[in-house]
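Every chain is numbered from 1 and lettered A, B, ... according to where its sequence line falls, protein lines coming before strand lines.
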Amino acid sequence: MSASTSTTPAAAGRVPRPARRSGGPARRPGQRATDRRELRGALLFISPWIVGFLIFTLWPVLYSGYLSLTDYDVLTDPEFVGLENYEQMAQDPKVRLALWNTFYYTVLHVPSLVIVSLGLALLLNQAGRSAGFFRTAFFLPKMTPPVAVGILLLLLFNGQNGLINMVLGWFGIDGPNWTTDPDWVKPGLVLMSLWAVGSSVIILLAALRGVPQELYDSARVDGAGFWKQTTKITLPMISGTVFFIVVVNTIASFQTFTEAYTAFFGSGNTTYSNDAALFYVIYLFRQAFEFLDMGYASALAWLLFVIILAVTVVQLKVSKRFVFYEGEDR
Amino acid sequence: MKSSAVRSSVLVAVSGVVLAACAQGTTNDDGGGGEAVAFDPEAELSGNLSIMGFGLTDEIGEVRYEAAQEALGDDVELSLVEGDLDIQQFLSAVAAGDPPALVYANRDQIGTFASRGAIIPLDACIEGEGIDTSVFREPSLNQVTFNDSVYGIPEFNQVQITMANASLLEAAGLGIEAVNGSDWEAVTSATTALTQGNGGSLSVIGYDSKLPEFLPLWARSNGVDLLSEDGRTAQLDDPAVIEALEFAVGIYDQQGGFGAVKAFRDSADFFGEGNQFATGVLGAMPMENWYVNVLNEVSSDAPMAFDSYRSMDGEPIAFAGGSAWAVPAGTEDTQAAACRFMRTMTATDTWMEAAQARVDARAEEGLLFTGLLTGNAEADDRIRSELMTEDAPEPWASAIDAIYEANENSFTFPANPADAEFKTAWQDGVNRVLNGQATPAESMAQAQEEAQAALDEAWAEWDDDQE
């Protein structure tokens with residue numbers, strides 16, 4: 001249900017932009033035939049992906065659009081109801097609650113994740129020979145199944161006997177009931193989400209390793225210290241990667257599901273469904289598979305799609321002011 | 001990195017990942033009417049019988065499964081999709097036109113499946129195969145009877161009894177009757193006497209009223225059910241329900257609030273030697289009968305006291321739950337075998353064989369057999385009279401008495417087409433109060449509105465389909 005940052009993007013290794021052609025060399029005779037042959041070859045090679053995309057992504061996307069206009073319980077045929085599901089959505093207070101919870105979580109989660117992963121990547125970049133060990137160590141928690149992370153949350157953040165409150169207690173802080181106090185459920189989930197920060201750290205580390213050393217050498221000659229180098233060289237040079245992480249994790253945050261569902265709605269807590277942890281996709285899932293209202297769930301999915309699309313477009317627009325792409329004219 | 005590449009890949013990812021989650025197949029055209037199937041207890045059967053939601057986790061399951069296989073003959077091949085029934089998996093199979101021959105579901109799911117045509121009425125199966133429904137406990141049968149037809153063959157019965165730490169009770173100068181629910185003032189006083197803690201930190205939970213899940217029990221104790229007898233009207237804003245909720249929440253408030261109690265409860269080793277009773281950190285609570293087996297197995301020396309859970313008039317009551325076998329629509333080829341399988345699994349003689357296996361297994365481990373609630377009253381009576389020792393040691397003898405007393409006095413909600421929504425509505429209503437987000441009256445008014453809307457819609461669809 002959630003997107004992942006584990007797929008290493010092109011962000012890690014920047015591809016130099018090809019020089020712009022202006023009145024380039026004349027095309028060789030037979031060039032067009034060669035191009036066509038190459039295109040056919042390329043299409044042939046990627047055809048398995050295209051077929052998969054059409055069947056497993058595009059068709060379901062289009063079909064869910066149709067389902068969102070129906071009353072459909074999976075067991076009987078869909079019945080066309082027009083925009084009724086969308087009208088119901090506009091009046092459903094749980095939708096507003098779930099959206100609020102999801103925005104709240106996203107606003108806390110994404111900056112926290114970027115700051116922590118960037119900090120760790122900067123440290124790792126200085127680690128020398130031991131970097132390999134720490135890289136593995138930071139990535140290992142990412143391998144923990146999300147369901148296990150949900151269970152871990154309940155253990156670590158237990159308000160009475162959890163490790164987090166025990167550590168806070170050493171500093172004289174009386175920790176909250178993270179898992180049962182509605183005001184602390186989302187902050188607890190955000191802190192727990194940093195458990196899986198490893199993939200972002202690896203991506204950022206790869207970007208940091210790609211920053212040309214001569215830029216730092218020149219800056220040092222000019223008397224720039226660590227902070228100046230970081231803010232004037234490092235961050236601008238890896239801004240494309242940071243932006244990628246922001247975008248992907250924003251999408252993942254909007255789709256957050258497994259950890260919160262396991263902790264507050266799963267089999268161990270079937271009766272204690274905490275409103276504070278009712279994220280949008282959890283509400284969507286419950287509509288689809290607990291209440292068998294697949295038409296309404298499809299409408300909810302489309303609303304989420306529109307929201308994520310809008311947020312992503314805004315991020316792309318805003319990024320033009322802050323993100324530096326090597327080889328791009330500014 | 002090229003900005004255009006990032007942008008396009010991000011947009012594709014957004015489109016694909018969000019919406020792919022809603023991929024669905026088309027539904028099976030067969031609404032379950034199908035052709036007539038002949039059910040005959042003497043018929044020779046063959047084919048493959050796939051079963052979803054049932055697992056061979058203990059001797060009770062294994063012995064009965066073997067008996068069912070024998071009754072079906074060698075020409076019927078059984079295959080199990082083990083584990084609890086996965087609704088997503090079941091619905092996907094039905095939508096794909098490839099439903100399992102049998103499903104093993106919670107009884108409270110039967111009404112929803114039945115109203116949507118996912119499972120078939122079993123009247124013909126019951127009559128043809130000769131299943132004696134008179135032996136089933138009435139509340140169990142009530143839970144699987146929808147629109148006057150039986151849609152599930154019930155088995156097992158879970159009931160609640162009062163469990164308490166006798167040492168803590170004794171230290172507080174109390175007896176089990178102070179916490180068996182019959183006198184709410186006594187429960188309140190006992191909670192005060194039993195609770196121990198320092199500031200916001202609990203060291204002993206005095207009394208756990210087990211909200212939200214046991215609200216039906218507290219409400220019935222106060223004389224009202226959450227759902228009307230015909231399953232059409234929610235009664236969540238009934239003053240007696242609100243009074244029951246106020247009382248049960250008040251028990252938590254006495255101990256620092258639900259958050260503190262739940263966090264402390266969650267930190268316990270519930271199934272192990274360090275359970276709350278063995279470690280002396282819980283005074284008393286109503287709890288389901290299966291937990292007696294856990295306690296007897298992992299901490300048989302714990303200082304326990306048991307009694308029935310009792311209503312305000314002192315009578316034992318229990319909110320029963322359990323499982324049921326059901327036959328999905330569109331399985332005409334395997335319905336005769338499915339019916340034979342259900343009959344064998346729930347027959348009195350089969351239960352006796354299974355119970356004997358349990359008795360032997362417990363004896364081998366040096367443990368006490370604390371009984372088996374089958375959902376079949378005849379089997380329950382025979383197991384108790386023929387297989388259970390009359391000289392069980394205390395406190396387990398009291399536990400067994402309480403369990404069987406509760407079994408005779410259980411109640412359930414009737415099957416209805418919106419059980420999941422109804423349950424969510426009343427549990428969310430309780431949770432809002434536990435979290436301090438609303439008063440009991442406000443919260444249950446909202447719950448009533450949500451539950452009734454869901455019931456009205458589901459019943460309207462059902463009624464329309466019947467016309």
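Taken to the nearest 0.5 Å, the CG atom of A:L154 stands 6.5 Å off from the NZ atom of B:K262. We find the CG-CG distance between B:D428 and A:L278 to be 8.0 Å, quoted to the nearest 0.5 Å. The distance from the OG1 atom of A:T180 to the CG atom of B:D266 is 8.0 Å, given to the nearest 0.5 Å.
By the 6.0 Å contact criterion, NZ on A:K186 is enclosed, its count of non-hydrogen atoms from other residues, nucleotides or ligands being greater than 12. Heavy atoms of other residues, nucleotides or ligands lying less than 6.0 angstrom from CH2 of B:W290 number more than 12.
Summarising the geometry of B:T112 relative to A:L292, their closest heavy-atom pair is CG2-CD1, 4.0 Å, with the distance given to 0.1 Å. Closest non-hydrogen pair, B:A263 versus A:N177, comes out as CB-OD1, 3.8 Å. Residues A:F289 and B:Q88 share a closest heavy-atom pair of CE2-CG, 3.3 Å.
For a residue to count as touching a neighbouring chain, one of its non-hydrogen atoms must lie under 4.5 Å from one of that chain's; by this rule B:L91 touches chain A with backbone and side chain alike. Residue contact with chain B, scored on non-hydrogen atoms closer than 4.5 Å, involves the side chain of A:D71 exclusively. Neither the backbone nor the side chain of A:L300 comes within contact range of chain B, judged by heavy atoms closer than 4.5 Å. With a 4.5 angstrom heavy-atom cutoff, A:K317 does not touch chain B via any of its atoms.
Between chain B and the residues A:E290, A:Q315, A:K94, the most heavy-atom pairs under 4.5 angstrom are made by A:K94. The choice from A:L62, A:N161, A:D293, A:N158 that makes the most heavy-atom pairs within less than 4.5 Å of chain B is A:N158.
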